[in-house]
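Below: the structure, in C-alpha cells.
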Amino acid sequence: MNKSRKSLVAAARSRVGLTFVTPALLVMLLLVVYPLLYGLYVSMFKTNLLNRWDFVGLTYYAQSLSDPGFLKSLFTTSLYAILVVAGHMIVGTGLAVMLVSDIKYRVVFRALLILPWLFPDVVVALIFRWIFDPIFGLFNFGLSAVGLISEPVAWLDNPFWAFVAVVLATIWKGYPLIMLMVLAGLQSIPRDRYEAAALDGAGRLLQFRYVSLPGLVAVLGVAVVIDFVWWFKHFTIVWLLTKGGPIDATNVVSIDIYRTAFQSFNFGLASAMAVIVFFICLLFAIVYQLMVASDET
Amino acid sequence: MATAKLDNITKVYDNGFTAVSNLSLQLADGEFLVLVGPSGCGKSTALRMIAGLEEMSEGDLYVGDRLLNDIEPKNRDIAMVFQNYALYPQMTVAQNIGFPLKLRGVKGTERKRQVHHAAEILQLTEQLSKKPGQLSGGQRQRVAMGRAIVRQPALFLMDEPLSNLDAKLRVQMRADIADIQKNLGVTTFYVTHDQVEAMTMGDRVAVIKDGLLQQVDEPEKLYARPENVFVAAFMGSPSMNLYEANLSLHNEKFKVHLGDQSISIPTRLTERHTTLGNYDQQTIVVGIRPEDFEDAALAPTHPDDQQLTVTVSGREALGAETLIHFPLNAPSIDTGDPDALDELASIASGRCTARFDANSKARIGEQIRTNVTVENMHFFDRETGLVI
Amino acid sequence: MKRKSQVGSPHPLFYLMLVLSCIIVLVPVLWMISTSVKNETELFLSPPLLWPEKPTLAAFISVFNDYPFADYFKNSLVVVIFATSISIGFSTLAGYGLSRFKFRGRASFLTFLLLSQMFPSVMLIIPYFKIMRTAGLLDSNPGLIVTYISFTIPFCTWMMYGYFKSIPKDLDEAAALDGAGHVRTFFSVVLPLTLPGIVATSVYAFITAWNEYLFALILTNSEDQKTIPIGIGQLIGQYKIEWNELMAASIYSTIPLMVLFLFLQRYLISSLTAGAVKS
Ligand SMILES: Nc1ncnc2c1ncn2[C@@H]1O[C@H](COP(=O)(O)OP(=O)(O)OP(=O)(O)O)[C@@H](O)[C@H]1O
Ligand SMILES: [Mg+2]
C-alpha cells in the first residue's frame, strides 16, 4: 500500500511539472526535432520537394565527402571560425582586462566598445562593404592618404584580401560578447585575492597570470566552444560581403549549402551536407557538454 | 489545534540514503516538542515530511484524526517557519503576513484586523509597510512567525528558526517563541541542533542521531536519565565525561576502576541501574557530568573512597563557577556526536572536565583531590552503548 | 556592490589601447552616419568627403518613399514582437517547471535544449522551406513568427531555467504551506522575482529575431512580407547602390536595438554575469 501511495504523490507532482513544460516541449518537438528528422530524410532522396522523390540512400553523403569543393568549404569555414574566435578571445579578453582596472571613464569606454554587438549582421556587412569600396571607400582613402597605396585596390575582389576582410568584419562584430563575459568573470574574482598577490610582491602581469587567468579558464573555455559553433554556421555577414567569392575564397559551408539548395535546387545533396555539418557541430557540442560537466564538479 | 502522530516514518532519498528511519512520535494537543540532534541527522527531513514538502517513503502521519499521507502541503493546515525565513521579498510585511489569509479568502478589512493583531503580538506594528529587505534579522524572524501564527494552524513546524540570529537575540527570541506558543496553544514541532534551545524550550525533547530516534523525554529526565551514551554526551555542556572502566563487586560495594584509581559505590546508591551486578569483573562505560565533581578542599566531609587524585591541566574561571580540566588515565569513549569536535581533542588526550565552585583554589599543575557524586554516575554497556 | 579589480593603478598604455579600440569601433559607425546624410553627388566623390558640406536628411525620407520600408519595418516589428512574447511565455513556464519539478525526461530535455544551440541553422532551412510551403505559411508573418519561436525557445528556456534556479525553493514551499496552489505560487510568488530575468531574456530574443536574415531570405518572397534585414540586404543587389539610403536604412534598423540596450543594459549585463559565472 505504501509503495503505490508514494508513486501516486510523485506522479501528481511530475504531472504538474510536465504541464508547465508542455508548451515549450511541443514547440521543440514540432519545430526542431521534426524538422531535423525531416532534413535527415530529405538527405536520402533526389527531390525537388514537390513531386519527385527518388530514394538514393547515402549517395549524397558519399558524393559530398568526396567532393573537393565541399571539403574545401569545410576547410575555409574552419579557418574562418578559428581566426574569428581567436580574434574575439584576444580582443575581448584584452579589452576586458583593461576595463576592469581602475581606469577613468570606464563607463564611456564600455558603452562605446559594446556598440558593434548592437549592429545587425546585415548592417555590419554593408558598412564594411562600403568601407572597402575600391573607389569611394574610406579604407582606400585612408591608405592612400598615408601613402601606403597609390592605386585603388579592390580588396573584396582579391581572394586573399576578401577572406581577410570577412574575418576582420566578423571580429569587429563579435568581440563585445566575449568582452562582456570575461568582464563578468573578472569582476567575480574577489579583490582580496589580488591584494594577497600584491602583498606577495606580484606585479600587474603576475597578478593577471596567477589570479585572473585561473579564474577565467572556465568562462573562456565555454566561450570558445559557443563562439566557434556560432560562427562555424554563420551565413549573413559573409554572404552580403562577398557572396562566397571571389572564386570560392570565402565560400563557407552555410553558403555552399544555401547555393546547392536554392540556386542549384539539389535539396537532397544540400541536406546531406547540412547533416555532415550537424555532426561536426555535435562533436563540439559534446566537447562543450564535457566541459560544462567538469566545470560543475 | 490538534494532536499529531508520526507512525514509523521513514525517508529513503532517491540516491538510496536513509535520512530518517522508523520515526514514531506523538504530540499532545498544545505540546511543544523539540527534535534535537547533530547536523545532518535528518531533522529537517523529518520536519519536511510532516509539512508534505518531502514524501514519506514509509509510515503514516496523523494530525488529529486526519491521515495526511496523501494530502498536499497546501491542504494540511500546517504552518512552518523556515530557517532562512523564506519571506516573499516583493511583498510588504503586511502582505507577507496576510498572504495565507488572502489565500483562504479572508476579505480586506477582516484580513487587516488579523494581520494587525498578529503584528501586535510580535511587536511588528511599526514595520508593516516595509519590505523584508529593510528589516533586521530579528524582525524578519518575527515576520516569519507572524505568517505562521496569523491563521491558527493545527500544527506549527519550525526548522532552526533562531540559528541565523546573534547569540543575544537568540536568547530573547527563545523566550518570546515559547511565550507565544503557550498563549496560542498550538501544537508545535521544533527542530534545532542546539541542545540548550532544546532544554529550555521544549515540553519534551526528542533526540535523534543518523535518522534514528534515541530518546524522547522531558528535558530534565533526558538530562538526568540518558538512555544511551550518545544522549548522555549530546545533552549538557560541557559534555558528560565518559570513560571505560572495570567494574568489580565487593561487600555490597561496586568498585569502578578508572585507570589506576578506583571509586567505591555502595550498591544501594545504584538502585536504578538494576542489572549493574551482572557486569562484575567486566569493562563498562561510566559517565560523570562535570558538575558531579567537586573540589575536595571545599567539601572535606566527602567519603574518601569516592574521590580521585588528579593533576590540573587547565582552568577556566567563568565567574559563578570554574571549569577544571585534568587527564584521567582511562580509555575515553567516541560518542558519535560530530558536534563535539572541539571536545574531541580533550577526549583524545583523556582530558576530563569538572565544574568546581568559583571558590576553588585549584591551579594548573597542582595535584588535587576531587569528590565524585557517585549517586549521579551513569553506567552504560560497552558494546551496545545502552544504559545499564 | 563593491568594485572588484586588479590592484594597482592602470597602465598608461591602457588608455592608449582603449582609445585606439574606440576609434576602430567608431570609424565605421561615423562613416555610416556621414554617408547617410550625404546627397548623391557627394556620395560618389573620389576621394570621399569625410563629412558632407551640406548634410541632408533626404535619404532618411526617400527610404520610405522609394522602397516599401514602412512595410519592412512593420513586418519586422510584428514578427519579432509576437515571436518574442510567445517564446518568453512558453520558456518562462518551462523554466519554472524544469527548476521546480522532477519528471521523466527532464534531464534529457535540458541537454537537448543545450545541444540545440549547436545545430547549424542551415540544417533546418530546407525542412522549414518545405514545411512552411505545405502549411501555407510561406511568405507570411506567421511563418516567420513560428520560425523565430523555434530559434529563441531553447536559449530563452535555458536562461529562464537559470533564473528560476537562483530563486530559493523555500519560497515555493512557504507558499505551499501558506495554502497556495502551483499556479498561484508561480504567478504571485516566483514570477515577480524573475522580472529582471524576463526582461534580459526578452531583449536577447528580440535582438536575435530582429537580426535574423537567412530564414527570412528563404521564407519570404513578396515585398510586403519582407523584414528589414532582407529589405536592406537586397538594396545592395541593385545596379546602382544608393549608399546614403542604405546607410539611413541601416541606422533605422539599429535604432530599436540601441534604445532597448540603453534602457535595459543594467539587466543585460547582470544577466551575463549570472550566466557566465557561478556564484
Ligand atoms: N535530496 C537529498 N538527497 C539525498 N540525501 C539528502 C537529501 N537531502 C538531505 N540529504 C541527506 O540527508 C541527511 C539529513 O539531512 P537533513 O537536512 O534532514 O539534516 P538536518 O538534521 O536538518 O541537518 P542540519 O542541522 O544541518 O540542518 C543528510 O546527511 C543529507 O546529506
Ligand atoms: Mg536542517
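Chain letters run A, B, ... following the sequence lines, proteins first, then strands; residues in each count from 1.
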**Study point:** Steps toward side-chain contact (heavy atoms from CB on, under 4.5 Å) verdict (C:C22, A:F109)
**Key:** CA-CA 7 Å; C:C22 286; A:F109 280 128; 3.5 Å; yes
Check your understanding: Which residue out of C:T157, C:T92, C:I228, C:I131 racks up the most heavy-atom pairs below 4.5 Å with chain A?
Key -> C:I131
Review point. Which one, C:P154, C:S91, C:S116, leads in non-hydrogen pairs under 4.5 Å with chain A?
Key: C:P154
Review point. Can you tell which of C:V146, C:L98, C:V27, C:N211 has the highest number of heavy-atom pairs within less than 4.5 Å of chain A?
Key: C:N211
Practice item. Please determine, by modelled atom types, if C:S253 and C:Y72 share a side-chain donor-acceptor pair under 3.5 angstrom. Key: no
Check your understanding: Would C:T35 and A:W130 count as having a side-chain donor-acceptor pair, cut-off 3.5 Å?
Key -> yes
Check your understanding: Between C:R133, C:M258, C:K102, C:R100, which shows the greatest number of heavy-atom pairs under 4.5 Å with chain A?
Key -> C:R133
Check your understanding: Where does C:I232 contact chain A at under 4.5 Å (heavy atoms): side chain, backbone, both or neither?
Key -> both
Exercise for review: Decide if atom CH2 of A:W53 counts as having more than 12 heavy atoms of other residues, nucleotides or ligands within a radius under 6.0 Å.
Suggested key: yes
Review point. For C:R104, is it the side chain, the backbone, both, or neither that has a heavy atom closer than 4.5 Å to a heavy atom of chain A?
Key: neither
Check your understanding: Is A:K243 close enough and on-axis enough to A:W239, meaning under 6.0 Å and within 45°, for cation-pi?
Key -> yes
Practice item. Starting from the C-alpha separation in whole Å, work towards a yes-or-no answer on side-chain contact (heavy atoms from CB on, under 4.5 Å) for A:V33 and C:F112. Key: CA-CA 10 Å; A:V33 177; C:F112 183 68; 3.5 Å; yes
Point to revise | Interface residue of largest heavy-atom contact number with chain A, from C:S87, C:A94, C:C156, C:G89, under 4.5 Å | key: C:A94
Review point. So which of C:I126, C:L257, C:I149 has the biggest tally of heavy-atom pairs under 4.5 Å with chain A?
Key: C:I126
Revision key, fill the gap. The interface call for C:I251 against chain A, heavy-atom contacts under 4.5 Å, is neither
